[in-house]
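To start, the structure itself, in structure tokens.
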Amino acid sequence: MPDTAPDILAPRGMAMINAFDPRKAAGLTPREQAMVERRQRLLGPAYRLFYEHPLHVVRGEGAWLFDAEGNRYLDCYNNVASLGHAHPRVVEAIARQAGQLNTHTRYLHETVLDYAEALLATFPASLGHVMFTCTGSEANDLALRIARAHTGGEGIVVTSLAYHGVTAALAELSPSLGEGVPLGRHVATVPPPDAYRGGSEMPARFAAHIATAFTDLARHGIRPCALLVDTMFTSDGVFPDPAGFLAQAAEAARAAGAVFIADEVQPGFGRTGAMWGFQRHGVEPDIVTMGKPMGNGHPIAGLAIRPELLERFGGTVRYFNTFGGNPVSAAAGLAVLEVLRDEKLPANAAAVGAHLLAGLAELAKRHELIGDVRGAGLSIGAELVRDRATREPATMETARVVNALRERRVLISASGPGANILKIRPPLCLTRDQAELFITALDEVLAELGAVGA
């Protein structure tokens, strides 16, 4: 294993977790080196690649990815093709509709309406309208526009390492993008709901932080608008428990006059074992935003919303998105819902996720580096620490684990302010055998790392 790790994200730092650093590139094949150089020349300096040794993938099937040489990799990270890569039913639905018609929502089209009905049926009855966009960033942007129209406020509260999008409006309330992307003056951050460090007092403390943040915004003349959270706090480090704590947080936001926006772009569509991450908490959001897995790789996103929140916005604003909710996107989205139902993928996520968590807990008995294991369904975090008493983040070790797994053809990444939390989120079709393959590979990597450090 290398003595040095790639650049790792410090809190609000510039580097991206698990980023390839071309200045430290070693061991690339001539073809890979040429592709890296070509990519830099054509795409410029703002893009990032994963891993010390970037991966050149050419095909996917189920939970597997294949590189240009035909090597197979177990994908335990990709939450976009969440049904599995190149799912044939989604591919067929896209091709069929593209061969008939693709236009926008200013014409009547049955598939668009069929999809809207099927999607709304997965939500509480209070969420009665759906609006379509192309990306999760657009969905969150639209949600904030509506929230501002409803509340008359601007103040937004997010968690301290949140990621909510890449538009100008969303980047300034996505602290995980780093110091090069300043937060807006109307944005307040709160510590994430870390039960590993916060214990049983965490739920009340988290709600209190939110209340204080809105009070502080108001003291500075910024009227409260919205609490926006990823319901699994994925970028903060994956914080799912105790189930129910998010209801207290939403209550604190509403007491301040803000609306509660559940960002389900990463947790949604069955990943947690339930259809939506917020369902674990017994709370009904005012707005739910969606993206990534909504089309299993096809760019479709949107939001579900309480009708009363749309009254002022819809009465004064004409909303249109050229590609949002087009018939091909609707066909892809409808196929995703049908596959989730027919293949019972949320139930599979719950069962295989529980198996993974149990396997990780067993590894923690043998490897002191694992400080905490947490998750719901197939959204899992394993926190690596140098000392279980002090819980000092094992940042460099985490980088080595991620890259050593990649060399064993198992793909994950990391998250959290210390870049020390293994982020495990495979496609929902993951099998128990594939979960065992991951556990075995991680066991071997941790054993090797322990031997090196001994």
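Values reported hereafter were calculated over all heavy atoms of this structure, with side chains retained and with hydrogens, waters and symmetry mates removed.
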Only one of V410, L437, I424, L422 passes side chain to side chain contact (heavy atoms under 4.5 Å, CB included) with L442; say which it is.
L422

Would you list the atom pairs, donor with acceptor, under 3.5 Å between side chains in residues 118-132 and any protein atom, with sequence neighbours excluded?
| from | atom 1 | to | atom 2 | distance (Å) |
| --- | --- | --- | --- | --- |
| T122 | OG1 | L119 | O | 2.7 |
| T122 | OG1 | W276 | NE1 | 3.2 |
| S126 | OG | E284 | OE1 | 2.7 |

Would N321 and T133 count as having a side-chain donor-acceptor pair, cut-off 3.5 Å?
no

Near-ring test F206/F233, centroid separation under 6.0 angstrom
yes

Do R409 and D67 sit within salt-bridge range, that is, some charged N less than 4.0 Å from a carboxylate O?
no

Check salt bridge (charged side-chain N to carboxylate O under 4.0 Å, His left out) between E138 and all other residues, then give those that pass, not counting sequence neighbours.
none

Regarding K365 and E362, does a basic nitrogen lie under 4.0 Å from an acidic carboxylate oxygen?
yes

Kindly state whether the ring of F50 and the ring of Y77 have centres lying under 6.0 angstrom apart.
yes

Distance from L430 atom CG to R425 atom CZ, nearest 0.5 Å?
14.5 Å

Salt bridge or not for R197 and E383, using N-O below 4.0 Å?
yes

Is there a side-chain hydrogen bond (donor to acceptor under 3.5 Å, both in side chains) between D230 and Y163 once you walk through the steps?
CA-CA 8 Å; D230 169 338; Y163 171 73; over 6 Å; no

Pair listing, ring-ring contact (aromatic ring centres under 6.0 Å, His included) test, anchored in residues 87-106, at least two apart:
H104-Y107, H104-F320

